[in-house]
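Report on the structure given below.
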Amino acid sequence: MANALVIVESPAKAKTISGYLGHGYVVESSIGHIRDLPSRAAEVPKAYKSEPWARLGIDVDNEFKPLYVVNSDKRQQVRKLKDLLADADELYLATDEDREGEAIAWHLMEVLSPRVPVKRMIFHEITRAAISAAVAAPRELDRRLVDAQEARRMLDRLYGYEVSPVLWKKVMPQLSAGRVQSVAVRIVVERERERMDFVSAGFWGLTGTFAPADSGGGNGGGGATFAAELVQLDGSRIAAARDFGPDGRPTRGDVTVLDEAAATALVSDLQHASFSVRARTSKPYRRRPAAPFITSTLQQEAARKLHMTSAAAMRTAQSLYEKGYITYMRTDSTSLSSGAVASARAEIAKRYGPALLPPEPRVYASKVKNAQEAHEAIRPAGDTFTDPSTVANQLPRPEARLYELVWQRTLASQMTDCTGETVQLRVGATSASGRDAEFSASGTVITHLGFREVYTEGTDAGEASD
């Protein structure tokens, strides 16, 4: 039987995949990238030290040709991979199917110089079925993805080497500014200049607490109370924050700006006024579930609900992926495979009944331009989703909690809409001095929870979004 060497990126992934492949396969990791642009002068080979571009590691006068060196901490691992390859009849490059993973596979090809057949092995989840399918259907290395990663890496270097020293002086040491961070620094500087030029403005508003009239006709009956905001005074709309410009002045002339004295006087003026409901409008309320997680939305929800930093969320997701619990966590596609949709719908029907299951599966179109649609959204791995209570007994608490979030979001994405009715009241009165004041209140009554039986998307304010 042929002896195949399978190279993945991490030792944890190698251990899991090795258990699925069994005899005839040797699975070893590259431990991430094995080559990169030189990070310091000592890494530049002697033949290039005199070149004016050696510090950058990119020959900007020769079509931006990069200079790659084997990372000093990877030399021992490279020797190990070469020794294993010497005894192999086939080489499977099983790095992630994204730009970085494709680049790692290409660098392995360049450094190892294999003389045996090379196959590119791809998968989106680490399960026995997915790994078996990947071995059975390999593809060629995609140079377009490699070129894309190289371009991104060189932009990081060309921009970062110039901007990073400024950050070290102005912010703190050991910061790095690449193609993304450089733009972010510019945005921060522009916003800071706007903040320095900003002129603060003061304005007041009023909130009234109202209750239905009692049987005697007076206000303040024993029924439930509700709060309403002052929105109009003498026919003019009350100014809010959105009505002021950066110079501290109202951007329009048809609003009334209340200061503290005017607001206090109005409170006294309205104290004994007789309020009535002037208008009641209602409209149907409907909210669709959010799409399954992509990388950015997973990070955002992990921050809101689990108080994880982006780095912590990605480390935790990486561990879940390598252990075979979720699909690949670096994706900008919101699509689900037909098998995943079927699994989600079966789970919904079993747990929550047909009332929460739409007649047809939901399909989500990616809002990200040039999304890598070869990937799925982040979801529980496998044809049958593992129950979160089971995962809680198998994994550390942070991983179990993040898995539960992914499980909830995936199921919710295939459930019925949340529906109800939104009602707005306009409550008004004429004060003792003859001023006309109008307050507004709105509320939503949910008649069908739908996907909210399972999951409610968070907001940056820490509350459920409506």
Side-chain angles (χ1 to χ4, degrees), residues 4-21 25-37 66 68-71 73-85 88 90-114 116-128 130-153 156 295 314-315 317-333 372-376 378 381:
L5 173 62
V6 180
I7 302 179
V8 298
E9 288 165 302
S10 75
K13 191 188 298 184
K15 182 178 179 181
T16 305
I17 293 176
S18 180
Y20 293 144
L21 290 177
Y25 294 89
V26 175
V27 186
E28 186 55 66
S29 73
S30 66
I31 318 179
H33 279 276
I34 60 168
R35 286 202 312 179
D36 198 2
L37 302 173
Y68 290 118
V69 296
V70 175
N71 301 342
D73 59 343
K74 299 296 175 62
R75 289 170 186 165
Q76 183 177 349
Q77 190 66 15
V78 169
R79 284 195 295 270
K80 181 178 181 180
L81 292 174
K82 286 183 176 180
D83 291 341
L84 292 172
L85 183 59
E90 288 182 306
L91 173 61
Y92 284 88
L93 299 174
T95 51
D96 293 333
E97 195 200 8
D98 59 8
R99 299 179 189 92
E100 292 296 324
E102 207 75 12
I104 292 173
W106 176 75
H107 283 295
L108 286 166
M109 288 270 290
E110 292 287 303
V111 173
L112 299 180
S113 301
V116 297
V118 179
K119 299 176 180 179
R120 182 74 171 96
M121 177 178 159
I122 57 170
F123 45 86
H124 309 304
E125 59 185 22
I126 303 178
T127 60
R128 188 178 301 277
I131 298 303
S132 298
V135 171
R139 66 162 171 78
E140 297 295 322
L141 191 75
D142 190 340
R143 269 309 306 235
R144 295 174 303 172
L145 288 177
V146 177
D147 292 343
Q149 189 276 340
E150 278 196 295
R152 290 154 64 96
R153 182 68 187 94
D156 274 337
T295 302
M314 293 309 291
R315 282 196 305 270
Q318 177 82 36
S319 181
L320 287 171
Y321 167 64
E322 291 178 349
K323 293 175 182 178
Y325 286 95
I326 64 172
T327 53
Y328 190 53
M329 67 290 154
R330 294 190 183 278
T331 176
D332 45 22
S333 169
Q372 298 183 63
E373 295 295 345
H375 294 165
E376 279 190 79
I378 304 169

If every non-hydrogen atom of [X] is compared with every non-hydrogen atom of [Y], which pair is closest and at what distance?
X: Ile17; Y: Val8; value: CD1-CG1, 3.8 Å
X: Glu376; Y: Thr331; value: O-OG1, 2.9 Å
X: Ser30; Y: Ile104; value: OG-CG2, 3.9 Å
X: Ala130; Y: Phe123; value: O-CB, 4.2 Å
X: Ser18; Y: Val27; value: CA-CG2, 3.7 Å

Worksheet item: Are any of the side-chain heavy atoms of Arg153 and His33 separated by less than 4.5 Å?
Response: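 Not in contact.
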
Contact check, side chains of Leu145 and Trp106, non-hydrogen atoms, under 4.5 Å: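 No, side chains not in contact.
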
Suppose we screen for side chain to side chain donor-acceptor pair (under 3.5 Å). Which residues come up paired with [X], at least two apart in sequence or across chains?
X: Arg152; result: none
X: Lys15; result: none
X: Asp142; result: Arg144

Just verifying a value: how many Å separate [X] [atom1] and [Y] [atom2], rounded to the nearest 0.5 Å?
X: Leu320; Y: Ile326; atom1: CG; atom2: CD1; result: 5.0 Å
X: Leu108; Y: Leu81; atom1: CG; atom2: CG; result: 6.5 Å
X: Lys323; Y: Lys13; atom1: NZ; atom2: NZ; result: 14.5 Å
X: Tyr325; Y: Thr16; atom1: OH; atom2: OG1; result: 9.5 Å
X: Asn71; Y: Leu37; atom1: CG; atom2: CG; result: 10.0 Å

Set of residues satisfying salt bridge (charged side-chain N to carboxylate O under 4.0 Å, His left out) with respect to [X], sequence neighbours excluded:
X: Arg79; answer: none
X: Arg315; answer: none
X: Glu150; answer: Arg143
X: Arg35; answer: none

Would Ile131 and Met121 count as a side-chain contact (heavy atoms from CB on, under 4.5 Å) if you check the C-alpha gap in whole Å, the side-chain angles of each, and the deciding distance to 0.1 Å? CA-CA 9 Å; Ile131 298 303; Met121 177 178 159; 3.8 Å; yes

Show, in sequence, the C-alpha distance, side-chain angles and deciding distance for Asp96 and Arg330, and conclude whether the side-chain contact (heavy atoms from CB on, under 4.5 Å) test is met. CA-CA 9 Å; Asp96 293 333; Arg330 294 190 183 278; over 6 Å; no

I'd like to check the side chain to side chain contact (heavy atoms under 4.5 Å, CB included) partners of [X]; sequence neighbours left out, ordered by chain and number.
X: Lys82; answer: Val78, Val111, Leu112
X: Ile31; answer: Ser29, Lys74, Gln77
X: Gln318; answer: Tyr321, Glu322, Met329
X: Ala105; answer: Leu93, Thr95, Arg120, Leu141

_Test of understanding: with ring pair (Phe, Tyr, Trp, His ring centres under 6.0 Å), list the residues that count as partners of Tyr68, not counting sequence neighbours._
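His107.
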
- Task: Begin from the C-alpha positions of Val116 and Glu90 and carry the test side-chain contact (heavy atoms from CB on, under 4.5 Å) through to its verdict.
- Result: CA-CA 5 Å; Val116 297; Glu90 288 182 306; 5.6 Å; no

Run the numbers on Gln149 and Glu102 for side-chain contact (heavy atoms from CB on, under 4.5 Å), then give the verdict.
CA-CA 8 Å; Gln149 189 276 340; Glu102 207 75 12; over 6 Å; no

